[in-house]
Asks: 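Handing you this structure, nothing more for now.
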Amino acid sequence: MTDVPDIATPMRTQAIMNSFGINTKKSLGQNFLTDINILKNIVAAGNVQPTDNVIEIGPGIGALTEQLARAAKQVVAFEIDDRLIPVLEHTMAPYDNVTVVNQDILTVDLEQAIKEHFTDPEAPLKLVANLPYYITTPILMQVLQSDVKFANIVVMMQKEVASRLSAEVGTKDYGALTLAVQYRMNATLAFTVSRTAFVPNPNVDSAIISLTPREPLKVLPHNEKQLFNLFKIGFTMRRKTLWNNLITAFGKDDAMKAKLTAALADIDLDPRIRAEKLSLEKFIDLHNALVKTGVYSK
Ligand code: SAM
């Protein structure tokens with residue numbers, strides 16, 4: 001397939017958009033990559049192999065999809081914008097291993113979609129995408145809270161969000177997103193990308209983050225959904241104490257306060273502490289203590 005010209009040049013991107021009468025929509029985070037070297041480096045960071053299934057979120061006009069199609073077994077790409085579906089039918093015509101699904105990724109049941117769209121749903125699965133930046137956090141939370149096991153995840157996002165993914169405990173970037181990532185994956189910054197690599201140029205600089213499955217945790221939570229909810233509760237008001245955020249979420253009545261006090265005492269936690277000082281392990285202990293004292297049901 002090397003005789004098919006790359007989509008990702010500024011000239012070809014413009015020509016494709018002109019021939020379909022497409023203008024990019026800022027509201028959908030449409031900044032298309034036009035630098036072939038960056039696309040190749042993204043695929044390399046994902047170590048995409050001919051045996052791999054790949055999910056892509058937001059294929060746009062297909063610049064990254066095409067590189068993934070050349071490297072992977074099959075690519076399933078979710079695109080919300082109806083206007084781009086005929087464009088993708090045209091640009092992906094040379095590739096018989098690409099399935100485009102016209103759906104908002106935030107409404108996709110990933111487990112179901114994998115069974116439905118991949119011809120071999122058991123093949124190793126990777127997620128590789130240049131994400132729509134306006135929903136980076138919800139997408140990551142959705143992916144991390146699902147039971148889908150990704151061999152790795154390589155995603156481009158705005159640099160500020162990338163710093164939150166790999167933040168150390170106690171720093172200003174540390175928060176619910178950091179904890180959700182750490183719970184399942186190890187995050188490393190693969191490389192940064194200048195805003196000039198896109199059409200149109202975004203207002204922010206970008207970074208590629210690589211996530212790989214983490215080593216097993218020593219202590220597991222009773223309930224993962226509740227744990228993720230506790231991450232959010234802890235950081236509802238960043239500057240407030242953990243205690244304040246807990247009583248706001250669970251209730252201020254005496255019976256609830258007694259249960260919360262017992263849970264904190266059980267794991268030697270000072271109620272005046274702020275959530276940003278709590279490691280992932282401590283959050284899991286807190287969740288399990290809240291189950292023990294009946295704040296959460298099992
Ligand atoms: N992959 C292309 C590239 O690298 O040139 C385009 C990336 S662009 C940053 C983000 C893409 O995500 C756009 O095509 C946009 O229409 C799409 N998108 C935005 N919101 C979406 C959603 N909720 N679900 C699926 N795709 C979405």
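Counting starts at 1 for both ligands and their atoms, following the listed order.
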Asks: Under 3.5 Å between some N or O of ligand 1 and some N or O of Leu106?
Replies: no
Asks: Using the rule side chain to side chain donor-acceptor pair (under 3.5 Å), only one of Asn47, Asp52, Asn53 pairs with Lys126; which is it?
Replies: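 Result for side chain to side chain donor-acceptor pair (under 3.5 Å) with Lys126: Asp52.
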Asks: Of the protein's non-hydrogen atoms, which lies at the shortest distance from atom 4 (O) of ligand 1, and what is that distance?
Replies: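 Nearest protein contact, heavy atoms only, for atom 4 (O) of ligand 1 is Asn130 ND2, 2.8 Å.
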Asks: Is there a polar contact between ligand 1 and Phe32, counting only N or O atoms under 3.5 Å apart?
Replies: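 No, since none of the N or O atoms of Phe32 sits under 3.5 Å from an N or O of ligand 1.
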Asks: Do Leu127 and Val154 make a side-chain contact, defined as non-hydrogen atoms from C-beta onward lying under 4.5 Å apart?
Replies: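 No. Closest side-chain heavy atoms not under 4.5 Å.
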Asks: Give the residue, atom name and distance (to 0.1 Å) of the protein heavy atom nearest atom 27 (C) of ligand 1.
Replies: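 Atom 27 (C) of ligand 1 sits closest to the protein heavy atom Ile80 CG2, 3.5 Å.
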Asks: If you measure every N or O of Asp81 against every N or O of ligand 1, does any of those distances drop under 3.5 Å?
Replies: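 For ligand 1, there is no N or O atom that lies under 3.5 Å from one belonging to Asp81.
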Asks: Less than 3.5 Å apart, any donor N or O on the side chain of Arg70 or Tyr95 sitting next to an acceptor on the other?
Replies: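 Arg70 vs Tyr95: donor-acceptor pair found between side chains.
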Asks: Go through ligand 1 atom by atom and flag the ones less than 4.0 Å from a non-hydrogen atom of Glu56.
Replies: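 In order of number, 1 (N).
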Asks: Using a 4.0 Å cutoff against the non-hydrogen atoms of Tyr134, which atoms of ligand 1 qualify?
Replies: 19 (C), 20 (N), 21 (C), 23 (N)
Asks: For Gln158 and Thr136, which I'm curious about, is there any donor-acceptor pair between the side chains at under 3.5 Å?
Replies: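 Indeed, the side chains of Gln158 and Thr136 share at least one donor-acceptor pair under 3.5 Å.
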Asks: Do you see a donor-acceptor pair shorter than 3.5 Å between the side chains of Thr107 and Asp104?
Replies: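 Checked: Thr107/Asp104 side chains show no N/O donor-acceptor pair below 3.5 Å.
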Asks: What do you reckon, are the aromatic ring centroids of Phe198 and Phe32 less than 6.0 Å apart?
Replies: no
Asks: Give the ring-plane orientation class for Phe283 versus Phe235, where under 30° counts as parallel, over 60° as perpendicular and anything between as tilted.
Replies: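 Rings of Phe283 and Phe235: parallel, under 30°.
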Asks: Under 4.0 Å, counting heavy atoms only: does Tyr133 come that close to any atom of ligand 1?
Replies: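 Not so, Tyr133 does not reach ligand 1.
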Asks: Atoms of ligand 1 less than 4.0 Å from Phe78 heavy atoms?
Replies: 25 (C), 26 (N)
Asks: For atom 5 (O) of ligand 1, grab the closest protein heavy atom and report residue, atom and distance to one decimal in Å.
Replies: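 Answer for atom 5 (O) of ligand 1: Leu33 N, 2.9 Å.
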Asks: Can you report which non-hydrogen protein atom sits closest to atom 9 (C) of ligand 1, along with the distance?
Replies: Gly29 O, 3.1 Å
Asks: How long is the gap from CG on Asp173 to CD on Glu276, to the nearest 0.5 Å?
Replies: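 The CG atom of Asp173 sits 10.5 Å away from the CD atom of Glu276.
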Asks: Which residue holds the protein heavy atom closest to atom 23 (N) of ligand 1, what is that atom called, and what is the gap in Å?
Replies: Asp104 OD1, 2.8 Å
Asks: Relative to atom 14 (O) of ligand 1, which among Glu66, Gln30, Glu79 owns the nearest non-hydrogen atom?
Replies: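 Checking each option, the heavy atom nearest atom 14 (O) of ligand 1 is found in Glu79.
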Asks: May I ask whether Asn31 has any heavy atom positioned less than 4.0 angstrom from an atom of ligand 1?
Replies: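 Distance cut 4.0 Å: Asn31 passes for ligand 1.
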Asks: Output a table of donor-acceptor pairs, distance under 3.5 Å, between side-chain atoms of residues 34-43 and any protein atom two or more places apart or on a different chain; print 'none' if there are none.
Replies:
unit_1	atom_1	unit_2	atom_2	d
Thr34	OG1	Ala197	O	3.4
Asp35	OD1	Asn37	N	2.9
Asp35	OD1	Ile38	N	3.3
Asn41	ND2	Asn37	O	3.3

Asks: Hey, is Leu131 one of the residues with a heavy atom under 4.0 angstrom from ligand 1?
Replies: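 Yes, Leu131 has a heavy atom closer than 4.0 Å to ligand 1.
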Asks: Does ligand 1 have any atom that is closer than 4.0 Å to a heavy atom of Gln103?
Replies: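 True for this residue.
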Asks: So is there a nitrogen or oxygen of Leu84 less than 3.5 Å from a nitrogen or oxygen in ligand 1?
Replies: no
Asks: Starting from atom 2 (C) of ligand 1, what is the nearest protein heavy atom, named by residue and atom, and what distance separates them?
Replies: Pro59 O, 3.4 Å
Asks: Are the side chains of Ile208 and Val193 in contact, using a 4.5 Å heavy-atom criterion?
Replies: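 Val193 reaches Ile208 side chain to side chain.
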Asks: Show, in sequence, the C-alpha distance, side-chain angles and deciding distance for Phe250 and Tyr296, and conclude whether the ring-ring contact (aromatic ring centres under 6.0 Å, His included) test is met.
Replies: CA-CA 9 Å; Phe250 293 111; Tyr296 279 123; 5.3 Å; yes
Asks: Can you pull out the closest protein heavy atom to atom 24 (N) of ligand 1? Residue, atom name and distance to 0.1 Å, please.
Replies: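 Going by distance alone, atom 24 (N) of ligand 1 is nearest to Ile105 N, 3.0 Å.
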Asks: In terms of residue, atom name and distance, what is the protein heavy atom nearest to atom 6 (C) of ligand 1?
Replies: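 Checking every protein heavy atom, the shortest distance to atom 6 (C) of ligand 1 gives Gly58 O, 3.4 Å.
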Asks: Using non-hydrogen atoms of the residue, decide whether Lys25 is closer than 4.0 angstrom to ligand 1.
Replies: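 So Lys25 does not count as touching ligand 1.
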Asks: Within a distance under 4.0 Å of any heavy atom of Gly60, pick out the atoms of ligand 1 and give their elements.
Replies: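 Those qualifying, in numeric order: 6 (C), 14 (O).
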Asks: Between Asn130 and Glu56, do the side chains contain a donor N or O and an acceptor N or O under 3.5 Å apart?
Replies: no
Asks: Do Thr236 side-chain atoms and Lys232 backbone N/O form a donor-acceptor pair below 3.5 Å?
Replies: yes
Asks: Assigning hydrophobic clusters by single linkage (Ile, Leu, Val, Met, Phe, Trp, Tyr; side-chain heavy-atom cutoff under 4.5 Å), is Ile153 placed with Ile55?
Replies: yes
Asks: Considering distance alone, does some N or O of Leu39 sit under 3.5 Å from an N or O of ligand 1?
Replies: no
